[in-house]
Amino acid sequence: MIKHHPKFELIQAYVKGELPASLSIGITLHAELCPVCQQKIAQLTEQVAERSFEQLSNPLLNELNKLDFESDNIEDDFFDSMINDITDSNDIDTLVEVAPKEVIFKDKSYTLPSALNNVSMGKAANVGKLSRARLQLDENEIHSNLLHINPGGGVPEHTHKGFELTVLLDGSFSDDRGEYHKGDFIMLDGTFTHNPISEKGCLCYTVANDALHFTQGINKLLNPIGSFIY
């Protein structure tokens with residue numbers, strides 16, 4: 001059961017197209033699995049579409065009202081002609097079935113959500129019980145990854161210099177705040193410290209705009225892991 005969702009303000013920015021691609025993908029991945037957020041997105045999209053249509057239609061109607069129509073039918077003819085120009089095509093739209101995209105981490109295959117079908121991905125790299133494949137979104141300091149944790153693995157206790165988004169795509173992990181399952185949307189910043197551990201293994205979509213900051217142990221020894229995950 002999904003218990004962790006994006007905040008309303010984040011969904012609102014998503015619907016308005018104000019988020020970077022990485023965060024938009026994260027919300028899309030969550031929404032594919034969450035009927036509650038699907039409904040919120042649908043309602044907000046309808047509201048934004050209505051407002052956008054009003055903003056576009058009012059100037060057009062104002063311009064039409066300035067015209068000197070010779071008959072009452074000219075305005076109707078204008079709209080009919082415009083709609084015909086838009087819809088008149090001899091081309092037949094053909095739906096192309098897209099094959100599901102799969103990734104393999106540590107000999108385990110995962111079918112990815114459709115939102116990742118057209119996203120290029122680098123080769124998987126491994127450090128201990130962690131595996132990471134970089135997504136090629138070219139967003140400068142914002143890095144997006146598929147992060148795989150082997151059974152019994154985890155990330156040492158850390159906080160974040162920037163933000164960190166995790167969307168759980170398969171399996172589960174836990175920290176001192178509780179347990180997370182498929183579909184959960186976890187957004188953290190420097191005010192949070194945690195030590196994620198996966199008993200049975202998991203696959204996550206992660207986004208971060210800065211490296212991790214480890215809070216225990218000798219930081220210099222942990223820095224390679226932080227750079228690897230980021």
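Here the structure is a predicted model, which is why all the values come from computation and not from measurement.
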Gap separating the [atom1] atom of [X] from the [atom2] atom of [Y], nearest 0.5 angstrom:
| X | Y | atom1 | atom2 | value |
| --- | --- | --- | --- | --- |
| T159 | E164 | OG1 | CD | 9.5 Å |
| L169 | L203 | CG | CG | 5.0 Å |
| I27 | Y14 | CD1 | OH | 7.0 Å |
| S144 | M121 | OG | CE | 11.0 Å |

Taking the side chain as every heavy atom from C-beta outward, state whether [X] and [Y] have any pair of such atoms under 4.5 Å apart.
| X | Y | value |
| --- | --- | --- |
| L168 | F173 | yes |
| V167 | D184 | no |
| C37 | P6 | yes |
| T45 | V15 | yes |
| D189 | H160 | no |
| F185 | H5 | no |

Donor on one side chain, acceptor on other, H143 and N145, under 3.5 Å:
no
Exercise: do S114 and E32 side chains pair donor with acceptor under 3.5 Å
yes
Between Y180 and H4, is the ring centroid distance below 6.0 Å?
yes
Would you name the heavy atoms of [X] and [Y] that are closest together and state the gap between them?
| X | Y | answer |
| --- | --- | --- |
| S172 | H181 | CB-ND1, 3.7 Å |
| A115 | T28 | CB-CG2, 3.7 Å |
| H30 | G183 | ND1-O, 2.6 Å |

Working for side-chain contact (heavy atoms from CB on, under 4.5 Å), residues L116 and L146
CA-CA 10 Å; L116 295 175; L146 288 181; 4.2 Å; yes
For atom [atom1] of [X], is the number of surrounding heavy atoms from other residues, nucleotides or ligands below 6.0 Å larger than 12?
| X | atom1 | result |
| --- | --- | --- |
| E199 | CD | no |
| Q39 | CD | no |
| Q47 | CD | yes |
| D176 | CG | yes |

Path from L188 to L130 over hydrophobic side-chain contacts below 4.5 Å
no
Apply the test side-chain contact (heavy atoms from CB on, under 4.5 Å) to residues L165 and I186: give CA-CA distance (whole Å), side-chain angles for both, the deciding distance (0.1 Å), then the verdict.
CA-CA 6 Å; L165 166 64; I186 308 113; 5.9 Å; no
